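Input: a single structure, listed below in structure tokens.
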Amino acid sequence: MVPSRLRSFSSRCGFLYYLSPVATHYSLLSLHRSSFSEPGNQILPPKTILGRFHSTSSSNRAKHPRSIFEQITNLDDALKLFDEMTHKQPLPSVLKFNRLLQAVTKMKHYSCSIELFKQMNLICVPVNAYTISIVIKCCCQMHRTSEGFAVLGYGFIRDILPNVCTFITLLNGLVLEDRILKAEKLLKKLIKEGLCKPNAIMYNTMIKGLCRFGNNDTAIALLKLMDGRGCKPDVVTYNTIIDSLCKDKMVDDALKLFNEMVFHKGILPDVVTYNSLIHGLCNLCRWDDVSNLLKEMEDQSISLDVRTYSILVDALCKEGKVEDANCIINLMIERGIDPNVVTYSSLIDGYCLRGEMSKANEVFNLMGSQGLVPDILTYNSLLNGYCKKLLIEEAMHLFNEITKKGMKPDVIAYSTMIQGLFRVGRGKVAYDLFHEMRTNKLMPNESTYTIVLKGLCNNKQVDEALSLFHLMGGNKLNSYIKVYTILIDGASRTGKLDVARVLFNDLNVKGLQPHVRTYNVMINGFCREGLVGEAKELFLKMEERGFLPNSVTYNVLLQGLLKNQQHDTIEMLLLEMEGKGFSVDATTVSLLLDHIKARSLDASLLKLIGKLVPKEGVDAL
DNA sequence: GTAGGGTTAG
């Protein structure tokens with residue numbers, strides 16, 4: 001039985017029970033104790049690299065099983081080695097060149113690999129299908145898959161025939177570039193023309209592409225197809241689709257696929273499978289299901305890894321349960337899993353969301369003391385926390401810290417900072433920062449743009465907002481309805497009703513659909529200028545166009561009518577509100593009461609008004 | 001004895 005202490009613990013946070021040290025003592029606690037130490041980095045002494053290359057061969061190899069190529073940790077060493085190799089007589093074999101090329105590629109120096117390949121051709125080092133595949137991969141990783149195809153053609157000329165590996169690399173390149181149609185076409189062509197026999201890796205690559213593109217159904221169809229063609233799907237195949245379904249909130253479909261994989265295909269799930277499912281369930285707040293999966297993992301002795309714990313930490317933090325998140329972190333440490341930057345960043349974010357900045361800072365310092373380098377997301381959480389609390393000096397200090405630490409603020413960092421500055425009324429600094437951001441070649445996104453426009457409007461810089469809008473011209477950012485709503489509101493609040501009207505009419509021309517909020521803002525604009533007739537007209541029109549007025553619409557219109565001494569439709573509107581279950585806000589109520597006092601409205605309305613005031617409002621009356 | 005996919009967390 002579960003000890004009662006644990007029960008109360010688990011009732012606070014359902015799935016914690018399955019993580020409690022007592023409950024999981026036998027399986028989980030013992031499993032994580034092994035191997036965290038990474039193999040020591042053996043840095044090469046600055047003597048000739050090729051010399052080592054020859055001397056390591058027999059005697060040292062037993063002690064250092066890693067080859068010279070695997071030991072290369074920086075580009076300089078690699079280039080030096082290449083130079084030495086090219087000056088050898090006779091030239092080392094293509095195999096050795098390939099391994100060097102691979103080492104450079106592993107360090108992500110793709111263009112350098114390509115350069116070396118060119119030199120190999122110049123000095124007539126023989127190249128083979130392996131070389132071609134490595135070089136194609138370099139092109140693809142740089143999102144230059146078309147050049148990868150050119151390399152394929154170059155191979156053809158030299159009688160180097162592509163094989164399934166070559167094509168997988170190219171297919172993956174197309175997927176990386178989101179050229180999904182091209183990828184599908186390639187796969188079909190390969191099968192139809194018998195250019196190679198696709199294997200599971202190739203299907204997995206295509207499936208990954210389809211999932212990236214949001215085409216889960218086709219991905220599942222391909223899963224069935226590969227099986228039918230005698231190509232057995234593996235755990236990666238299923239994991240890819242399961243994760244994609246979870247990200248699309250279709251967790252039940254994911255669970256269905258999970259069952260198919262386990263019970264019909266006999267494929268064992270791994271920690272990746274569970275992580276995806278747990279993540280998906282956390283996003284939907286299905287804690288009982290999360291708990292069940294954790295139990296399943298325990299039963300199958302599948303150890304939770306740093307990601308599993310981080311997913312749980314993040315989920316708890318987003319729920320505001322930072323204390324429970326802390327429990328999870330303590331638990332993982334107890335079990336020998338070190339929290340990493342992501343784990344701590346989630347915790348920091350949790351504290352920031354609750355405005356507990358000193359706690360957030362504590363964690364931030366803790367990270368530093370553990371040698372963990374905070375990344376831009378960590379900084380963004382803190383920036384957000386400070387800005388929300390209007391602690392703008394602290395935020396600004398942190399923002400400058402990002403650059404000092406050798407990082408670059410991203411669009412989110414800038415947007416957060418700009419919003420914070422506007423909120424404390426420092427519009428000039430905010431707008432300067434917006435320009436600085438663009439100078440730094442960062443493109444503002446929809447959020448940045450709306451933050452800036454709103455900030456300018458709220459800081460009495462509507463003209464600036466409008467000129468920015470015009471300056472942006474046909475930019476995609478100018479096609480968001482939110483942008484128009486902000487500007488219409490800003491313009492009409494500063495007496496530029498004509499501008500507001502032009503913007504509103506522009507929507508039609510541009511084929512943009514106004515939101516209810518857009519109508520509200522425009523109606524409010526008309527009322528402000530005493531154009532109650534137009535306000536009423538628009539009120540009716542929005543309904544005709546299928547946009548139902550909401551509570552705000554009614555309140556805005558009522559206030560407009562009252563302020564302009566139009567009393568004939570008040571009662572009708574109030575009755576409509578009652579029918580729709582809307583309520584009157586404080587401003588409307590006080591206006592109504594004023595008019596009743598002044599006898600321009602009948603006191604018999606009081607009963608109806610009483611029904612339209614929210615509960616807490618009635619007490620105030 | 002050299003190449004390909006590798007899915008999962010903030």
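In what follows, chains are A, B, ... by sequence order, proteins preceding strands, each numbered from 1. Keep in mind the model is a prediction, meaning the values are calculated, not measured.
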So which atom in A:Val342 and which in A:Ser310 form the shortest heavy-atom distance, rounded to 0.1 Å?
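Looking at all heavy atoms of both residues, the closest pair is CG1-CB, 4.5 Å.
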
Looking only at heavy atoms, which two atoms of A:Asn445 and A:Val411 are closest? And how far apart?
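Between these two residues, the closest heavy atoms are ND2-CG1, 3.6 Å.
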
Report which part of the nucleic acid [X] touches: base, sugar-phosphate, or nothing (heavy-atom distance under 4.0 Å, all strands).
X        : value
A:Val313 : nothing
A:Ile134 : sugar-phosphate
A:Lys247 : sugar-phosphate
A:Val94  : nothing

Name the closest nucleotide to the [X] side chain, picking from [options].
X        : options              : value
A:Gln141 : B:dT7, B:dG5, B:dG4  : B:dG5
A:Thr240 : B:dT2, B:dT7, B:dA9  : B:dT7
A:Asp314 : B:dT7, B:dG10, B:dT8 : B:dG10
A:Cys165 : B:dA9, B:dA3, B:dG5  : B:dA3
A:Val272 : B:dT2, B:dG4, B:dT7  : B:dT7
A:Asn340 : B:dA9, B:dG5, B:dT8  : B:dA9
A:Asn172 : B:dG5, B:dG4, B:dA9  : B:dG5
A:Leu377 : B:dT7, B:dG10, B:dG5 : B:dG10
A:Arg307 : B:dG4, B:dG10, B:dA9 : B:dA9
A:Arg99  : B:dA9, B:dA3, B:dT2  : B:dT2

Distance check: side-chain N/O of [X] vs OP1/OP2 of [N], anything under 4.0 Å?
X        : N     : answer
A:Lys96  : B:dG1 : no
A:Lys137 : B:dA3 : no
A:Gln102 : B:dT2 : no

[N] [atom2] sits how many Å from [X] [atom1], rounded?
X        : N      : atom1 : atom2 : result
A:Ile337 : B:dA9  : CD1   : P     : 17 Å
A:His279 : B:dT8  : NE2   : P     : 11 Å
A:Asn199 : B:dG4  : CG    : P     : 13 Å
A:Met120 : B:dA3  : CE    : P     : 13 Å
A:Ile311 : B:dT7  : CD1   : P     : 14 Å
A:Ile329 : B:dG10 : CD1   : C1'   : 11 Å
A:Lys106 : B:dG5  : NZ    : P     : 10 Å
A:Asn239 : B:dG5  : CG    : C1'   : 13 Å

Step by step, work out the side chain to side chain donor-acceptor pair (under 3.5 Å) result for A:Glu115 and A:Tyr110.
CA-CA 9 Å; A:Glu115 236 8 84; A:Tyr110 304 123; over 6 Å; no

Any residue of residues 342-360 of chain A with a heavy atom less than 4.0 Å from an atom of DNA chain B
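The answer is A:Val342, A:Ser345, A:Ser346.
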
Any luck finding a side-chain donor-acceptor pair between A:Asp410 and A:Asn380 under 3.5 Å?
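Yes, A:Asn380 and A:Asp410 have a side-chain donor paired with an acceptor closer than 3.5 Å.
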
Does any N or O donor sit under 3.5 Å from an N or O acceptor when you compare the side chain of [X] with the base of [N]?
X        : N     : value
A:Asp234 : B:dG5 : yes
A:Asn163 : B:dA3 : yes
A:Asp305 : B:dA9 : no

With a cut-off of 3.5 Å and sequence neighbours excluded, list every side-chain donor-acceptor pair involving residues 250-262 of chain A.
residue	atom	partner	partner atom	Å
A:Asp252	OD1	A:Arg286	NH1	3.3
A:Asp252	OD1	A:Arg286	NH2	2.9
A:Asp252	OD2	A:Arg286	NH1	3.4
A:Asn259	ND2	A:Leu255	O	3.4
A:Glu260	OE1	A:Lys224	NZ	3.1
A:Glu260	OE2	A:Tyr238	OH	2.8

Taking side chain as C-beta onward, heavy atoms only, is A:Leu176 less than 4.5 Å from A:Gln141?
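Yes; the side chains approach each other to less than 4.5 Å.
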
For a ring-ring contact (aromatic ring centres under 6.0 Å, His included) with A:Phe364, tell me which candidate from A:Tyr386, A:Tyr379, A:Tyr351 qualifies.
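Of all the options given, the one that passes is A:Tyr379.
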
Basic-acidic side-chain contact under 4.0 Å: A:Glu323, A:Arg354
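So A:Glu323 pairs with A:Arg354 through a salt bridge.
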
So, using side chain to side chain contact (heavy atoms under 4.5 Å, CB included) as the criterion, who are the partners of A:Arg179 when residues are at least two apart?
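Checked A:Arg179 against side chain to side chain contact (heavy atoms under 4.5 Å, CB included); matches are A:Thr145, A:Ser146, A:Leu174, A:Glu177, A:Lys182.
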
